[in-house]
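Worksheet for the structure shown next.
Every chain is numbered from 1, with letters handed out A, B, ... down the list of sequences. Worth saying up front: this structure is predicted, and the values here are computed from it rather than measured.
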Amino acid sequence: MTLQKFLSSRFPPGRDLVQVFLVCAFPVAVWSWIIFFYDLPSFLLSLRLSQIINIFAYLQVIVLIESALLFALDTLLAVLLPPRLFLSNYVPQSTLFILALAFWAVGFHLNSEQIALGNLPSNPTLLYIWTVVWAVVFLVLSILTRYWTRWNTLILSFVDRLSIVSGVYLFFPLLSLPYVLLRYVVLQVS
Amino acid sequence: MSPSSLNRRDFLKLAGLASLSVVGASGSPLAGSLLDMLPKAGAQPPNFLVVVFDALSARNMSLYGYPRANTPNLERFTSRSIVFHQHHASGNFTSPGTGSLLLGVYPWKHRSLQHHAQALERYSDQNLFSLLPQEYFRFAYTQNPFAFTLLDQFRKHIDRLPKMADLADYSALLSDKYFQSDYYLAAETELVALKQESHQPASLFLSFLDQWRIARANTRINQAYRKAYPLGLTNCRSENPGTQCFELEKAIDWTVAQVQNTSQPYFGYVHFFPPHAPYNPRADFIGLFDDNLRIPKKPLFPGASYTNTKALKLHRQHYDQSIAHLDSEFGRMLVTLDQAGALDNTVVIFTSDHGEMFERGFLGHETPALFEPVTHIPLLISLPGQQERLDIELPTSAVDVLPTLLSLAGATVPSDIEGSVLALDGTQPAVRNIYMMEAKSAPKRGQLTPATFALLQWPFKLIQYTGYEDIPDAYELFDLKSDLEELNNLYSPDDPTSIALAEELSQKLEQVQSP
């Protein structure tokens with residue numbers, strides 16, 4: 001089997017890829033909005049509106065990059081893992097994987113003082129426990145998608161709805177990207 | 001030179017020197033000789049080298065009477081300098097302190113009040129760099145991101161401004177490396193997305209990679225430097241997300257190279273990070289000051305919680321060692337430049353942006369308090385060819401540096417500058433009001449609250465706390481002549497001095513509450 005054939009046999013269909021990308025964008029975008037609005041009062045104290053808009057645009061580009069990287073990781077898993085583990089049930093498996101990862105990350109951030117990466121060598125226990133908990137939750141929910149059709153259907157309908165919301169969120173990064181690039185070019189030239 | 005041949009530049013030089021001559025005429029017997037050292041109109045104007053060490057408290061320097069002998073080189077330097085004994089920063093951290101130094105106005109006017117804050121837009125074109133005569137070549141460098149934010153704002157008036165990363169062994173700030181053309185907003189975004197210190201970053205996943213990247217680099221660099229810097233390379237710490245790891249020695253070498261190779265006249269502003277925390281002196285300074293220094297016991301400040309006396313003592317010791325380290329490097333720089341004759345026509349200014357505290361439950365300087373350890377900073381000015389030491393005992397302020405340097409350069413001092421031209425002939429300045437403030441939680445363009453203000457009218461210092469949630473609105477009054485440690489609060493609503501000073505401060509604040 002050539003590499004091209006191998007990849008095409010392992011690559012999920014286009015519609016599924018779009019749906020999973022939107023799932024990736026959802027937690028990343030929502031989290032960035034939450035923190036942005038948390039910081040907004042301090043921005044208002046010290047920055048002009050145009051500066052705040054620029055920071056927001058930069059942040060949205062980071063959201064886009066982050067979503068793309070997460071999506072790339074998920075797609076890589078689909079390509080590399082045996083099809084029956086991931087590809088055969090791509091959208092539900094990916095959704096669970098991405099959301100589990102997002103919950104793990106949110107938990108990490110909310111407890112970042114206790115389990116900051118910088119302290120890993122001296123105090124890794126809490127991080128390990130947290131990681132194991134989410135790995136187990138992910139595995140259990142993943143296995144359920146194979147044997148419980150209703151659970152699978154539930155995830156798929158959830159993804160359908162999530163895609164609409166996520167599409168709205170993605171409007172801002174897609175608008176911000178050309179703006180930031182243009183701004184960068186203009187500033188470089190000037 | 002006939003009067004008719006005076007061009008605009010010569011006229012401005014004469015005007016600047018004339019103001020010094022007026023002061024000198026009524027001054028000490030040294031006045032004439034010192035003023036003679038300044039270049040005459042038509043001659044090459046003096047170069048300026050402004051050396052700022054961050055968070056350097058005059059209260060911790062043997063030069064100003066501290067019992068630990070940590071500034072021998074600076075003490076030698078004073079034999080040819082004007083020593084200002086009561087020099088005060090305008091704020092208690094980098095942004096307001098450096099802002100006032102470079103703009104000649106108090107923080108209530110320039111409004112660089114918060115972390116990473118720029119000054120108001122109008123100061124982009126009215127600052128120490130822009131106001132110097134055109135003929136000056138201007139170079140600047142800093143290792144402090146807050147100071148870099150201000151230099152970035154003044155960038156179009158600086159001929160050479162390297163990135164922080166250029167002289168660092170490691171710079172965690174991606175915006176510094178890749179977004180110089182849009183540094184300010186890119187750095188703000190980077191801090192929000194990846195490097196929040198007080199709460200969660202806006203990037204859910206990339207922030208992990210960033211933290212991991214920084215922690216790994218810090219570990220690698222600290223390993224590589226563990227013999228020379230057993231406590232870690234200067235400012236190399238994984239818990240500081242904006243970290244820059246660097247050797248002071250490299251930055252000093254860069255400064256020496258600039259002074260020796262830059263076309264004259266030049267204006268150089270170098271703002272070094274030490275002795276700012278983390279206090280990581282070089283190995284050869286670590287054994288110093290293992291003594292039983294007696295520190296006066298002071299009451300805890302409301303809300304201040306750093307009460308580990310043993311740790312405070314150790315931090316103070318490392319801080320004092322860091323001062324000895326910077327003193328040694330400053331001494332090395334002077335010797336190199338003196339030997340090359342590179343300072344023959346140079347005014348050297350040594351100062352800081354704010355001080356540091358190891359008392360009252362505080363470690364560092366990011367406090368609502370404006371006690372002397374965080375506001376009393378060094379100022380030494382050495383004129384070209386100066387051979388005598390002069391001592392100025394009365395208070396001066398960071399806002400005085402800009403008009404003084406402009407005056408020496410023969411430039412016009414803008415009328416809205418709040419500082420005064422300092423007499424450089426040993427004449428004691430008139431007793432006047434010196435202000436300090438802290439308002440990092442106040443808006444940039446609105447009422448300055450919550451805030452702390454201090455009015456120094458020698459020998460009295462009035463401090464006002466206003467608008468804080470956890471600190472009661474109150475005044476404190478100290479007599480710095482008899483109570484250097486600020487232990488005895490003299491404020492009383494019935495005391496005439498308290499009433500008069502509070503009234504003066506109140507009137508001043510009414511004038512300046514809107515920028």
Tell me, do His116(B) and Ser46(A) make a side-chain contact under 4.5 Å, heavy atoms counted?
-> no

Does a side-chain heavy-atom distance below 4.5 Å link Tyr38(A) with Gln200(B)?
-> no

Between Pro201(B) and Trp31(A), which heavy-atom pair has the shortest distance, and what is it?
-> O-NE1, 2.7 Å

Using non-hydrogen atoms only, which part of Ala102(A) is less than 4.5 Å away from chain B: side chain, backbone, both, or neither?
-> both

For atom CZ of Arg226(B), decide whether the heavy atoms of other residues, nucleotides or ligands shown that lie under 6.0 angstrom number more than 12.
-> no

Is it true that atom OH of Tyr178(B) has more than 12 heavy atoms of other residues, nucleotides or ligands lying nearer than 6.0 Å?
-> no

Check whether any side-chain heavy atom of Tyr58(A) sits under 4.5 Å from a side-chain heavy atom of Glu190(B), and report yes or no.
-> no

Within a radius of less than 6.0 Å around CZ of Arg160(B), do more than 12 heavy atoms belonging to other residues, nucleotides or ligands occur?
-> yes

Would a 4.5 Å heavy-atom cut-off, applied to side chains only, mark Arg183(A) and Leu185(B) as touching?
-> yes

Looking at side-chain heavy atoms only, is the closest gap between Glu121(B) and Arg48(A) below 4.5 Å?
-> yes

Taking the six-membered ring for Trp and the single ring otherwise, decide whether the centroids of Phe208(B) and His109(A) are under 6.0 Å apart.
-> yes

Rounded distance [0.5 Å steps], CD in Gln211(B) versus CZ in Phe108(A) | 6.0 Å

If one checks every heavy atom of Val106(A) against chain B at 4.5 Å, the contacting part turns out to be both

If you tally heavy-atom pairs under 4.5 Å between each of Val28(A), Leu47(A), Leu59(A), Ile65(A) and chain B, the highest tally belongs to Leu59(A)

Closest non-hydrogen atoms of Ser441(B) and Leu45(A), given as atom of the first, atom of the second and distance, are O-CD1, 3.6 Å

Selection from Ala193(B), Ala442(B), Ser112(B), Ser203(B) maximising heavy-atom pairs under 4.5 Å formed with chain A | Ser203(B)

Could you please state which residues from residues 136-159 of chain A sit under 4.5 angstrom from chain B, measuring non-hydrogen atom to non-hydrogen atom, sorted by number, or 'none'?
-> none

For Val192(B) and Asp39(A), which heavy atoms make the closest approach, and how far apart are they?
-> CG1-OD2, 3.5 Å

Under 4.5 Å heavy-atom distance to chain B, tell me which part of Phe56(A) shows up: side chain, backbone, both or neither.
-> neither

Contacting moiety of Leu44(A), where chain B heavy atoms sit under 4.5 Å = neither

Return yes if some donor-acceptor pair links the side-chain N/O of Glu66(A) with the main-chain N/O of Leu204(B) below 3.5 Å, else return no.
-> yes

pair Phe205(B)-Leu101(A): side-chain heavy atoms closer than 4.5 Å = yes

Using a cut-off of under 4.5 Å for heavy-atom pairs, which of Ala186(B), Ser181(B), Ala117(B) has the most such pairs with chain A?
-> Ser181(B)

Below 4.5 Å from any heavy atom of chain A, which atoms of Gln180(B) appear? Answer side chain, backbone, both or neither.
-> neither

Picking from Val180(A), Val61(A), Ile62(A), what satisfies side chain to side chain contact (heavy atoms under 4.5 Å, CB included) with Thr189(B)?
-> Ile62(A)

